[in-house]
Amino acid sequence: MNIFADFQTHVAAILTGIVQDGRLPADLDLTRFVVEPPRDTTHGDLATNAAMVYAKEAKASFGSPRELATEIAFSLAKIETVDQAEVAGPGFINIRLKTVLLEKVLRQSILKRDDFGRGGLARVQDIGSVNVEYVSANPTGPMHVGHGRGAVFGDALAALLSFAGTEVAREYYINDAGAQVDVLARSAFMRYREALGETIGEIPEGLYPGDYLKPAGAALAAKYGRKLLDQPESEWLELVRTTTIDAMMDMIREDLAALNIKHDVFFSERSLTRGAQGDVIGAVIADLRARGIVYEGRLPPPKGQVIEDWEDREQTLFRSTEFGDDIDRPLMKSDGSYTYFAADIAYHKSKVDRGFTTLIDVWGADHGGYVKRMQAAVAAVSQGKAKLDVKLCQLVKLMRMGEPVKMSKRSGDFVTLREVVDEVGVDAVRFMMLFRKNDATLEFDLAKVIEQSRENPVFYVQYAHARGSSVMRQALAAFPDLDITPQALAEAKLDLLSDEGEQGLIKLIAQYPRQIDAAALAHEPHRIAFYLHELASAFHSHWNKGKDQPQLRFVNEERRELTLARLALISSLTGVLASGLRILGVSAPLEMR
RNA sequence: GCACCCGUAGCUCAGCUGGAUAGAGCGCUGCCCUCCGAAGGCAGAGGUCAGGGGUUCGAAUCCCUUCGGGUGCGCCA
């Protein structure tokens, strides 16, 4: 249950009443106002700006926003869960709830457990089913840390959307069709020769030098012996390419699995031209050409940079300018093959054809220049029915004690994701990747994330969960026969939770469903990480008060009823922490070791 | 030259799609804690929200512009 959403409905109903009286215009957009926690908690439990938002429309019947606010507040005050509703400032309405309502929220959060906060988005609006495409790293080597950020982000976003009540598919686009996979095949072939005892020396410029191809070469040697050695490249290329891509994808899947990431669909770019459907890209282009969106034409050379071999020629162009792009985009290379963009159009059309209406692509920030054309393409192939949101993930700067980490040469010129995961663990990697907005660069300090201190947000949040669990154990030690099942806790005398700190925690817990909805709607999983940090902080802070004021401690051996009520709060709190952490893919430990 | 992203406390960053007196951690200053609910606690100082204009009841948030940083700019993916 989401009290913010509930009161959004209440206020909308009151406004509708005023509309029916003819004192507000009939076409009033009732989604414009918000019900939110007030900045200052002394103002009350909820606040709405409704009267100010509709000030203009209300001018005819109401002298000022405050006048409209007064009328809304009057109606709100009649709701039985409302203790008080008063107008403040320029026209805010501050609502103070009866404690029974917050107690009800607490009770529900205990009884619903994992379902508290779930499914809110589905009730608010129909998002349709969502396709999240993330990682999509080229199958030419192990994943590096930058890939990891996109991977964790996409995975958490998918989990968040799913929790919020939308259908979600997690998808990986395998770029297995371009020139670089041929380079991969040639690189693997070098390792194949090496595995058969040849001295290959330095890997030639332009090929992939990394050691990670050695196993692939050895596998080829084991499978084909010396058979391929004397064949021309045209004979072995496809064979080697296919097996090597498979090996690379296995490696990538392992890297992802180490982060607990699993995709539903791996979509092969190659399948768009060589699959059962034949040349899908050609078909899509033909279709768009018939609609006048693809044409033959010339492009001006780009300004501000010199392209030496610029050749002014007529080419096949996608009319992306019609959908907001800066320039029309080529679909065919001069050698007659499709551009990457052409394939990507067909791929995104496939998503649309499979029924997705919200497409989310997670890319590295260096692909920012590609966003407009892809959105144009989605608009074109879906006839405007599907929306593409592209989430760009910025760089990750690896640090150790404040110093930049030197790049390892062992497996190329980057630090692999696997190295980092092995060093600091999944939880630290996932949480830190999400404890920042996706489009802000991220400083990741390998030393700090494993520290057990307040400075380390991963530890701080996990510790809150562990501390809560520890309270439960302590309570059972003090009252061995205590029934702490959710049913029993929900029946505790929750009105005993009268301390300011306890009330603050309850109000924060009541915000969880709203945080989920807002984060899901904005496609911003980092909000959950920050919310959890805030919740943990409030808990630790209240806990610390128990040092000077023993009467605030959760377990009170003299007062069984009070202890039970406080355990109810703890149970709700750890439930929300665990729920949020699960969305982020971070474990919620029962104790810190 | 053009497009996109970023610019908030000394540092690293939030700021709930336009709301009330702009927040957190680190660092800094002061006090408390060595009778373990202290893998610390409390309090305080610190801001031209890069600069300037605009939109309106109200702007860190939206628009324009300047400056500064990043990314990209047929036939790479």
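No experiment lies behind these values; they were computed from the predicted model shown. Residue numbers start from 1 in every chain, and the chains themselves are labelled A, B, ... in the order their sequence lines are given, proteins ahead of strands.
No contact: A:A55 has no heavy atom under 4.0 Å from any strand. Contacts of A:N438 with the nucleic acid, taken as non-hydrogen atoms under 4.0 Å apart, are absent. The residue A:K372 sits close only to the backbone: its heavy atoms come under 4.0 Å of sugar-phosphate atoms, none of a base. Looking at heavy-atom distances under 4.0 Å, A:A343 makes no contact with the nucleic acid at all. No engagement by A:S537 is indicated, since no non-hydrogen atom pair under 4.0 Å with the nucleic acid exists. Among the protein residues, A:V53 comes within range of the nucleic acid bases, having at least one heavy atom under 4.0 Å from a base atom. A:F554 comes within contact range of at least one nucleobase, with a heavy-atom separation under 4.0 Å. A:Y531 comes within contact range of no nucleotide atom at all, as no heavy-atom separation falls under 4.0 Å.
Between A:Y512 and A:Y531, the distance from one ring center to the other falls under 6.0 angstrom. Taking the centre of each ring, A:H526 and A:F153 stay at or above the 6.0 Å mark.
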**Item:** Chi angles and distances behind the side chain to side chain donor-acceptor pair (under 3.5 Å) call for A:T273, A:D279
**Value:** CA-CA 4 Å; A:T273 49; A:D279 183 5; 6.0 Å; no
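Under the Watson-Crick or G-U wobble criterion, with both distances below 3.5 Å, B:G47 is left unpaired in every strand shown. Nucleotide B:G72 is matched to B:C2 when pairs are restricted to Watson-Crick or G-U wobble geometry with both distances under 3.5 angstrom. Base pairing analysis places B:A24 opposite B:U12; the two distances defining the Watson-Crick or G-U wobble pair are each below 3.5 Å. Base pairing of B:C31 is made with B:G41, judged by Watson-Crick or G-U wobble geometry with both donor-acceptor distances under 3.5 Å.
Listed nucleotides: B:C42, B:A39, B:A14. Nearest to the side chain of A:R436: B:A14. In the set B:C57, B:C26, B:C4, B:C57 carries the atom at the smallest distance from any side-chain atom of A:K56. Considering only the side chain of A:N94, B:A20 comes nearest among B:G37, B:A20, B:C5. Nearest to the side chain of A:N544, among B:A14, B:C42, B:G41, sits B:G41.
Stacking of the aromatic ring of A:F92 onto the base of B:A20 is found: the ring centres lie under 5.5 Å apart and the planes are inclined by under 30°.
A cation-pi contact links A:R514 to A:F4, judged by a cut-off of 6.0 Å to the six-membered ring centre and 45° from its axis.
Using modelled atom types and a 3.5 Å distance limit, the side chains of A:N175 and A:Y340 yield a donor-acceptor pair. A donor atom on one side chain and an acceptor atom on the other are not found under 3.5 Å apart for A:T316 and A:Y295.
When the side-chain nitrogen and oxygen atoms of A:K437 are compared with OP1 and OP2 of B:G15, one or more of them lie within a distance under 4.0 Å. Contact annotation: A:H542 does not reach the phosphate of B:G41 (side-chain N/O to OP1 or OP2, under 4.0 Å). A sub-4.0 Å separation between OP1 or OP2 of B:G41 and a side-chain N or O of A:R454 is present.
Residue A:L434 contributes atom CG, which lies 21 Å from atom P of B:U12 at whole-angstrom precision.
Closest of all the heavy-atom pairs between A:P139 and A:L184 is O-CD2, 3.2 Å.
Map A:H540 and A:P550 each onto its nearest nucleotide of RNA chain B; the residue landing nearer the 5' end is A:P550. RNA chain B is contacted by both A:R39 and A:E455; A:R39 maps to the nucleotide lying nearer its 5′ end (nearest heavy atom per residue).
A:F7 meets the ring-ring contact (aromatic ring centres under 6.0 Å, His included) test with A:H10; sequence neighbours excluded.
Residue-to-nucleotide contacts include a donor-acceptor pair under 3.5 Å from the side chain of A:N49 to the base of B:G19.
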**Request:** Spell out protein contact along nucleotides 71-77 of chain B as letters: B when the base is contacted, S when just the sugar-phosphate is, - when no protein heavy atom is under 4.0 Å; keep the 5' to 3' order.
**Result:** SSBBBSB
